[in-house]
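First the structure, in the form of structure tokens, and then the observations on it.
The first residue of the sequence shown is numbered 1, and numbering continues consecutively from there. This one's a predicted model, so the numbers in the text were calculated from it and none came from an experiment.
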Amino acid sequence: LLIAFILMWLKGMSANLLSLGAVDFGVIIDGAVIMGEGIFARLAEEHVSSEEERMNVISGTAIELSNPIFFSIVIIIATMLPIFSFEKIEGKMFSPLAYTLGFALLGAMALSLTFVPGLSASLLRGTLREKSFIVGPLHRWYGKLLDAALRNDRKILIGSLGLLVLSIIAAGSLGSEFLPHLNEGSLWVRATMPMSVSPEIADSTTRSIRAVIASFPEVRNVISQNGRPDDGTDATGFFNAEFFVDLAPESSWKRGLTKEELIGGMGDELNKLPGIDFNFSQPISDNVEEAVTGVKGELAVKVFGNNLQIL
């Protein structure tokens, strides 16, 4: 991880939830575990009697295991290559993690091939025994299981193919969207009034919007915010009003509406208020989209040009 932090610093990345949130420490230490266990097992098997023989066993085992460790880590890094091609919100959210995990795996590979053999040469001395009171019973159980699998190799193959076919059939019924929309059980409604609206009119309009939203029986509670937040992090004025709409569980909706139909009905009623643009989202989704893209909405059009009059 220290190597990953150094490479992140060189690339100008920060250590945050997006970059470190799902780093798999088990994957990172796999190469070191394989190298250390391989050297330990070989030393316990060879029963070396001199320092020269011990060093030869360690170096020979390290060379023998270097190829599988190198290519296994390279394959894991290669599986993350599609993540680097992500764009928009998916790219902003997942590419830092791919970079961090890739940097950590590169560091783990370098240390597994250099530091772990050197550390083994320093620490693994004297008489070594590979088996213990914990590993011994596991080896015996695994040996019996392996013998049974080898005696029934055809059944194992047929069963594996059957599971593969079932997984392919099940995959066809899964969604194909990489970052699907999650139902948060609530709505986040943003109302954009004319920029020149006065605080008094904005306040009365906000109360009217809140009353319209609360009139729907599927709504449990409505909390509104007019203008910028108290911490001043969002530079906006009284023309901007935001509403947190707490919805009852869909199983209790007596009219049998879907969430999309409920949003459509709210939009029809709210659009009767003149001069106001409404945007429907969800609290977490709205915060993520605004923090990552700077756009207050799921769909936006950005127009670029050198001539402001033409634009």
Worksheet item: Would you say the side chain of R190 lies within less than 4.5 Å of the side chain of D277, judging by non-hydrogen atoms?
Response: no

Worksheet, complete the sentence: Rounded to the nearest 0.5 Å, the CG atom of L262 sits from the CZ atom of F280 at a distance of 8.5 Å

Worksheet item: According to a 4.5 Å side-chain heavy-atom criterion applied to Ile, Leu, Val, Met, Phe, Trp and Tyr, with indirect links allowed, do F70 and I75 form part of one hydrophobic cluster?
Response: no

Discussion item. Determine whether a donor-acceptor pair (N or O, by modelled atom type, separation under 3.5 Å) exists between the side chain of T100 and the backbone of P96.
Written reply: yes

Worksheet entry | Test item: I201 and S198 side chains (from C-beta on) under 4.5 Å apart, heavy atoms | yes

Discussion item. Strictly distance-based, threshold 3.5 Å: is any side-chain N or O of T61 a donor or acceptor partner for the main-chain N or O of I39?
Written reply: no

Worksheet item: Considering all heavy atoms of both residues, which atom of N240 and which atom of N226 are nearest to each other, and what is their separation?
Response: O-ND2, 3.3 Å

Worksheet item: Side chains of M266 and I263: closer than 4.5 Å at any heavy-atom pair?
Response: no

Practice prompt. Decide side-chain contact (heavy atoms from CB on, under 4.5 Å) for V197 and T205; before the verdict, give the C-alpha distance in whole Å, the side-chain angles of both, and the deciding distance to 0.1 Å.
Written response: CA-CA 10 Å; V197 66; T205 304; 5.6 Å; no

Worksheet item: Does M195 share a hydrophobic cluster with M193, counting links as ILVMFWY side-chain heavy atoms below 4.5 Å and allowing steps through other members?
Response: yes

Worksheet item: Mind checking whether W188 and N279 have side chains closer than 4.5 Å, heavy atoms only?
Response: no

Worksheet item: If you measure from the Lys or Arg side-chain nitrogens to the Asp or Glu carboxylate oxygens, is any gap between R151 and D147 under 4.0 Å?
Response: no

Item to complete: Answer whether the closest heavy-atom distance between the side chains of P194 and F239 falls below 4.5 Å.
Response: no

Worksheet entry | Note, Y99 side chain near M8 side chain (heavy atom, < 4.5 Å) | no

Worksheet item: Can you tell me how far the CG atom of L111 sits from the CG atom of L2, to the nearest 0.5 Å?
Response: 9.0 Å

Fill in: Close side-chain approach of S120 and V116, heavy atoms under 4.5 Å
yes

Worksheet item: Do N271 and E269 meet the criterion of a side-chain donor-acceptor pair at a distance under 3.5 Å?
Response: no

Worksheet entry | Heavy-atom closest contact (E184 atom, Q282 atom, distance) | N-OE1, 2.8 Å

Worksheet item: Do NZ/NE/NH1/NH2 and the carboxylate oxygens of E261 and R255 come within less than 4.0 Å?
Response: no

Practice prompt. Please report the shortest heavy-atom distance between V222 and V219, naming the atom on each side.
Written response: CG2-CG1, 3.6 Å

Practice prompt. Following the transitive rule for hydrophobic clusters with a side-chain heavy-atom cut-off under 4.5 Å over Ile, Leu, Val, Met, Phe, Trp and Tyr, establish whether W9 and F5 coincide in one cluster.
Written response: yes

Worksheet item: Between CG of L145 and CZ of R140, what distance do you get to the nearest 0.5 Å?
Response: 15.0 Å

Worksheet, complete the sentence: Shortest non-hydrogen pair, A32 vs S112, comes out as N-OG, 3.0 Å

Worksheet item: More than 12 foreign heavy atoms under 6.0 Å from CG of N306: is that the case here?
Response: no

Discussion item. Is it the case that atom CD in E51 sees more than 12 heavy atoms from other parts of the structure closer than 6.0 Å?
Written reply: yes

Practice prompt. Could you pull out the closest heavy-atom pair between K259 and S186, with the gap in Å?
Written response: NZ-O, 3.4 Å

Worksheet entry | Interatomic distance, F238 atom CZ to S196 atom OG [nearest 0.5 angstrom] | 13.5 Å

Discussion item. Ignoring hydrogens, what is the shortest heavy-atom contact between I276 and F278? Give both atom names and the distance.
Written reply: CG2-CZ, 3.5 Å

Worksheet item: Linking I/L/V/M/F/W/Y whenever their side-chain heavy atoms sit closer than 4.5 Å, directly or via other members, would L157 and L146 fall into one cluster?
Response: no

Item to complete: Test side-chain contact (heavy atoms from CB on, under 4.5 Å) on F216 and V245 and set out the steps.
Response: CA-CA 11 Å; F216 286 81; V245 182; over 6 Å; no

Item to complete: Find the distance between CG (L101) and OG1 (T79) and round it off to the nearest 0.5 Å.
Response: 8.0 Å

Worksheet, complete the sentence: d(M35 CE, L65 CG) to nearest 0.5 Å is 5.0 Å

Worksheet entry | P283 and F244, any side-chain heavy atoms less than 4.5 Å apart | yes

Item to complete: Check the hydrophobic clustering (I, L, V, M, F, W, Y; side-chain heavy atoms under 4.5 Å; chains of links allowed) and say if V33 and I63 are grouped together.
Response: no

Fill in: Verdict with supporting geometry, L106 and M109, side-chain contact (heavy atoms from CB on, under 4.5 Å)
CA-CA 5 Å; L106 289 176; M109 179 175 63; 4.0 Å; yes

Discussion item. Using the rule given for side-chain contact (heavy atoms from CB on, under 4.5 Å), can you reason through F103 versus I6, listing the C-alpha separation, both sets of side-chain angles and the distance that settles it, and then say yes or no?
Written reply: CA-CA 9 Å; F103 292 156; I6 294 174; over 6 Å; no

